[in-house]
Structures are given as C-alpha cells and as structure tokens.
Amino acid sequence: MPYFYGVCAGRHRLYVADTRPSRAGWEGDDMQHPQRRLLICVDMERYSQRGNLQQYDAQLDFHRLLREAADEVGMDRAGWTTQQSGDGELAVLPTELPEARVIGRFLPELNRRLRRYNADRLPVARIRLRVAVHQGMVHLDGANGFPGQAVVTVSRLCDAAPVRRALAAFPDAGIALVVSPDIYRDVVTQYPEELRPGRFRRIEVVHAEKGFHEPGWLCVLDEDVTSWRDEPPSPETNQPEPEAAARQDPPSPTGGIRTGNIRVDGQNAVGPGAIAIGSVGRDVVLPPEAGR
C-alpha cells in the first residue's frame with residue numbers, strides 16, 4: 001500500500017505518493033519506527049455531568065492524584081508520554097518501567113488515594129476512574145495522537161459497557177480496571193503483588209458499531225467483582241410481555257376506568273387500573289352489547 005512522505009517546498013510542504021514498498025524505520029524517513037510499549041487509558045466517571053468549575057477542579061485533582069500515587073511507588077510521571085482529554089488521558093509508559101509495578105503497586109495506591117479523596121465529597125464531586133491497560137506497537141510521532149491498533153484496543157477496553165456498569169455497581173470504589181488477555185496472563189497471574197488474579201473476571205468487550213469484539217479481564221479494586229451479577233439493560237426493559245399487553249384493556253377515551261365492558265367516569269373513577277367504587281348510576285356507560 002503506498003504511503004505519503006513530506007517533501008520540502010519553500011514555506012510549504014507537499015505530500016507525494018510513494019508507490020515503493022514501505023521503508024518504515026529506514027534512516028532518513030520522517031516516520032519513526034513504532035515501539036512496543038505499555039499503554040494506560042484512564043477516563044473519569046460522569047465528567048460531563050459536572051458544571052464548568054467542577055470540571056476545572058476535577059482536572060486539577062485528577063492530575064495531582066496521579067502524580068502523588070506515582071511518586072509514592074517510585075514512578076516518575078514526567079517520563080510518561082501522554083495524550084490528554086478533558087476527562088482522562090492516554091499514557092504511553094517508558095520501556096524501563098516494570099509492568100508489574102504499574103499493575104500491582106501504582107493502581108492500588110491510586111485507588112487508595114481516590115477513596116480517601118471521595119470519602120467526604122458529594123457524589124457529583126467525586127473522582128472515580130475507568131482504567132484500561134494493554135501493550136503493543138505504537139507510533140510516538142503521530143501527527144494527531146498515537147497511531148496503532150494497540151491504542152485503539154486500550155481505548156475500546158476503557159469505554160466498555162461492562163466496565164462502566166461495574167464501577168457504577170460499587171459506589172465506594174475508586175477504580176474499575178480492565179486489562180487485555182496478554183496483560184492478565186503475563187503480568188497479573190505471574191506478578192500479582194496487591195491485585196490477586198482471583199479477583200478478576202473475564203468479560204466480553206463489544207462495540208458492534210465499530211466492529212470490535214475482544215475479551216478482557218475486569219477487576220474493581222478492593223471489591224469482589226467475581227460475585228457481582230452483571231445485568232446489561234435490555235431494550236425491552238419496562239415493556240409488558242406481548243401476551244400481557246394483549247390482555248390489557250384499552251384506555252378509556254375520556255380518561256376514566258374501564259373494566260371489561262363497563263367504563264366508569266366522574267368522581268367514581270379513583271385512578272388508572274383501580275376498581276370502580278359506588279353504585280351504578282349516570283356515570284356508568286354501557287356498550288350496546290352489554291344489554292343483550
């Protein structure tokens with residue numbers, strides 16, 4: 001597949017198609033060779049429901065808590081390559097940072113600080129995070145972010161519906177963590193530290209509109225997510241069964257009560273679906289077939 005490379009033309013840059021085979025990583029190319037890195041995607045819960053000043057404060061505290069947790073476990077945040085968004089960040093970690101320390105020490109420390117931070121705050125002011133961890137090849141010199149399928153995957157994991165539901169199900173939790181199968185197999189099961197493998201459960205991450213369907217491993221830190229019963233909302237929620245809907249009497253056009261062939265209007269009508277109380281008088285309307 002042809003790619004494009006820059007050719008200097010005075011103050012402008014022309015992009016010319018190169019039909020030769022890709023030379024990614026060759027000396028002299030503008031595009032740098034991708035690197036295999038650990039990726040962390042973080043997103044704040046209910047960020048859009050905050051007011052302007054609450055969002056401003058949440059961003060400040062979000063970065064402060066990340067920095068303090070990293071410092072506590074000997075990780076320098078200054079070495080992280082990040083792509084910021086208002087309600088979170090995508091971080092590409094340096095190669096010398098041990099993956100086991102990220103999973104087993106940094107995230108538990110961040111969770112403790114979040115719980116302490118949230119303890120005396122109203123729900124709307126709390127900071128609760130969805131965190132996804134994955135690894136793979138990533139370009140660090142992208143023009144508008146970090147190109148790479150690993151970046152797409154970690155973002156999809158972080159935005160997974162089961163992860164959102166799990167965090168909502170545990171209101172005192174600070175972090176709902178989802179990791180890719182590679183991270184679970186190579187890091188969680190081999191170097192558990194504070195996060196035991198038995199506290200994770202396998203989930204299916206599906207974004208049908210994006211053609212994404214991959215497994216993941218979910219953990220809500222300091223909670224037992226293995227006993228949590230995940231019940232995805234159904235489009236038919238709160239809808240009557242077809243048979244029940246067929247048995248329901250149609251509503252009265254005048255807003256009264258209809259029971260079988262008898263409709264009661266006026267003061268004797270005590271509410272939708274209620275039983276008409278009182279004598280049968282002028283407020284009762286009988287259909288023609290009722291007198292047969």
Engineer: Determine whether the side chains of His134 and Glu214 contain a donor N or O and an acceptor N or O closer than 3.5 Å.
Structural biologist: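 Their side chains do not contain a donor-acceptor pair, so the 3.5 Å distance test is not met.
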
Engineer: Can Val102 and Val187 be said to form a side-chain contact (heavy atoms from CB on, under 4.5 Å), step by step?
Structural biologist: CA-CA 10 Å; Val102 175; Val187 182; over 6 Å; no

Engineer: Val138 and Val179: same hydrophobic cluster, using ILVMFWY side-chain contacts below 4.5 Å?
Structural biologist: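 Different clusters: Val138 never reaches Val179 through Ile, Leu, Val, Met, Phe, Trp or Tyr contacts under 4.5 Å.
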
Engineer: So Val163 and Leu157, do their side chains get closer than 4.5 Å, heavy atoms only?
Structural biologist: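 Not in contact.
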
Engineer: Tell me, with the steps shown, if Leu93 and Arg37 meet side-chain contact (heavy atoms from CB on, under 4.5 Å).
Structural biologist: CA-CA 6 Å; Leu93 273 57; Arg37 294 291 191 91; over 6 Å; no

Engineer: Would you say Ile183 and Leu38 make side-chain contact, with heavy atoms under 4.5 Å?
Structural biologist: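 In contact.
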
Engineer: Name the orientation class of the two ring planes belonging to Trp80 and Phe106 (parallel below 30°, tilted from 30 to 60°, perpendicular beyond 60°).
Structural biologist: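 The arrangement is perpendicular - the two ring planes meet at more than 60°.
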
Engineer: Less than 4.5 Å apart, side chain to side chain, heavy atoms only: is that true for Val124 and Gln49?
Structural biologist: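 Val124 vs Gln49: side chains apart.
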
Engineer: If the threshold is 4.0 Å, N to carboxylate O, is there a salt bridge linking Glu89 and Arg67?
Structural biologist: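 Salt bridge between Glu89 and Arg67, a charged N being under 4.0 Å from a carboxylate O: no.
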
Engineer: State whether Glu194 and Arg196 are salt-bridged, where the test is any N-O pair (Lys NZ or Arg NE/NH1/NH2 against Asp/Glu carboxylate O) under 4.0 Å.
Structural biologist: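 Between Arg196 and Glu194 there is no salt bridge, as every charged N stays at least 4.0 Å from the carboxylate O atoms.
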
Engineer: Tell me the closest heavy-atom pair linking Val131 and Ile40, and the distance in Å.
Structural biologist: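 Val131 and Ile40 have their closest heavy atoms at CG1-CG2, 3.8 Å.
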
Engineer: Given 3.5 Å as the limit, does a donor-acceptor pair link the side chain of Asn111 with the main chain of Gly174, or not?
Structural biologist: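 Side chain of Asn111 to backbone of Gly174: a pair is present.
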
Engineer: Tell me which pairs pass salt bridge (Lys or Arg N to Asp or Glu O under 4.0 Å) where either residue lies in residues 49-61, with sequence neighbours left out.
Structural biologist: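 Pairs touching residues 49-61 that pass the test: Asp61-Arg64.
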
Engineer: Are any side-chain N or O atoms of Arg201 and backbone N or O atoms of Leu218, one a donor and one an acceptor, separated by less than 3.5 Å?
Structural biologist: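 No; zero donor-acceptor contacts below 3.5 Å.
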
Engineer: Among Val178, Val188, Val225, Thr226, which residue satisfies the side-chain contact (heavy atoms from CB on, under 4.5 Å) criterion with Phe200?
Structural biologist: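 Of the listed residues Val178, Val188, Val225, Thr226, the side-chain contact (heavy atoms from CB on, under 4.5 Å) partner of Phe200 is Val188.
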
Engineer: Can Glu68 and Arg116 be counted as an ion pair, charged N to O under 4.0 angstrom?
Structural biologist: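 Looking at Arg116 together with Glu68, the answer is no, because their closest N to O distance does not fall below 4.0 Å.
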
Engineer: Please collect all salt bridge (Lys or Arg N to Asp or Glu O under 4.0 Å) contacts where either partner lies in residues 139-167, sequence neighbours excluded, each pair once.
Structural biologist: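 Sorted pair list: Arg130-Asp159, Asp159-Arg164, Arg165-Asp230.
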
Engineer: Start with the C-alpha gap between His33 and Met31, add the side-chain angles, then the distance that decides, and say whether side-chain contact (heavy atoms from CB on, under 4.5 Å) holds.
Structural biologist: CA-CA 7 Å; His33 195 281; Met31 182 179 66; over 6 Å; no

Engineer: If you draw a 6.0 Å radius around CG in Leu53, do more than 12 non-hydrogen atoms from other residues or ligands fall strictly inside?
Structural biologist: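 No, the 6.0 Å shell around CG holds no more than 12 heavy atoms from other groups.
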
Engineer: Determine whether a donor-acceptor pair (N or O, by modelled atom type, separation under 3.5 Å) exists between the side chain of Arg77 and the backbone of Asp71.
Structural biologist: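 No, because the side chain of Arg77 does not come within donor-acceptor range (under 3.5 Å) of the backbone of Asp71.
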
Engineer: Would you check, one step at a time, whether the test side-chain contact (heavy atoms from CB on, under 4.5 Å) holds for His213 with Val205?
Structural biologist: CA-CA 6 Å; His213 187 169; Val205 178; over 6 Å; no

Engineer: Would you find a donor on one side and an acceptor on the other, under 3.5 Å apart, between the side chain of Arg128 and the backbone of Pro171?
Structural biologist: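 Answer holds: yes.
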
Engineer: May I ask you to check whether over 12 heavy atoms, not counting those of Arg46, lie within 6.0 Å of atom CZ?
Structural biologist: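 No.
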
Engineer: Less than 4.5 Å apart, side chain to side chain, heavy atoms only: is that true for Glu72 and Arg112?
Structural biologist: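 No, every pair of side-chain atoms sits at 4.5 Å or beyond.
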
Engineer: Check whether NZ of the Lys or CZ of the Arg Arg113 lies under 6.0 Å from the centre of the six-membered ring of Tyr117 and within 45 degrees of that ring's axis.
Structural biologist: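 Checked: cation-pi criterion not met.
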
Engineer: Check the hydrophobic clustering (I, L, V, M, F, W, Y; side-chain heavy atoms under 4.5 Å; chains of links allowed) and say if Val42 and Tyr47 are grouped together.
Structural biologist: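 Yes, Val42 and Tyr47 fall within the same hydrophobic cluster.
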
